[in-house]
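Throughout, residue positions are numbered sequentially from 1 according to the sequence presented. Owing to the predicted nature of the structure, the values given are computational and were not obtained by experimental measurement.
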Amino acid sequence: IKEIRYLAGLMRQNCHDASWRMERLLSKVEQGESLDTRSTYIQLREARDELQQLRRGIEGIQKLCELESDDC
C-alpha cells in the first residue's frame, strides 16, 4: 500500500505540473501569442516528460496490483 500511495502522489504531482504547462500554452494561444519559440518547445517537452512519468507510474501500480493478486 505504501508503494501505491507513493506512486499515486507522484502521478498526481506530475499530472498537475503537466496540466499547468498546457494551460499556460493554451492561454498564450487564446491571447494570440506565437508558440513558435524556444520556451514553448521546452515547456512542451517538460510536459511530455511528466506525462511519460505518469504513464510509468500507472504501469507500476498495475504491476503492484498484479503481484498482490498473485499472492492471494
>> Assess the residue pair D49 and Q52 against the criterion (side-chain contact (heavy atoms from CB on, under 4.5 Å)); give the C-alpha distance rounded to whole Å, side-chain angles, the decisive distance to 0.1 Å, and a yes or no.
In response: CA-CA 5 Å; D49 293 347; Q52 287 174 342; 3.8 Å; yes
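Interatomic distance, OG of S39 versus NZ of K28, reported as 4.5 Å (0.5 Å rounding). Note that CD of Q13 and CG of L54 are 11.5 Å apart. Values are rounded to the nearest 0.5 Å. Note that CD of Q43 and CZ of R48 are 14.0 Å apart. Values are rounded to the nearest 0.5 Å. Here the CG atom belonging to L10 is positioned 11.5 Å from the SG atom belonging to C15, to the nearest 0.5 angstrom.
S27 contributes no side-chain N or O that, together with a main-chain N or O of E23, makes up a donor-acceptor pair within less than 3.5 Å.
Inter-residue side-chain proximity for M22 and L44 is flagged as met; some heavy-atom pair is nearer than 4.5 Å. Using a 4.5 Å heavy-atom cutoff, the side chains of I58 and Q62 are in contact. Counting only heavy atoms from C-beta outward, the side chains of I42 and R45 approach each other to under 4.5 Å.
Across A18 and A47, no two heavy atoms sit closer than the pair CB-O, 3.9 Å. Here the closest non-hydrogen pair linking D36 and S34 is N-OG, 3.1 Å.
Salt bridge status for E59 with K63: absent, with no side-chain N to carboxylate O gap under 4.0 Å.
With hydrophobic clusters built from ILVMFWY side chains whose heavy atoms lie under 4.5 angstrom apart, Y6 shares a cluster with I61. One hydrophobic cluster, built from ILVMFWY side chains closer than 4.5 Å, holds both L64 and M11.
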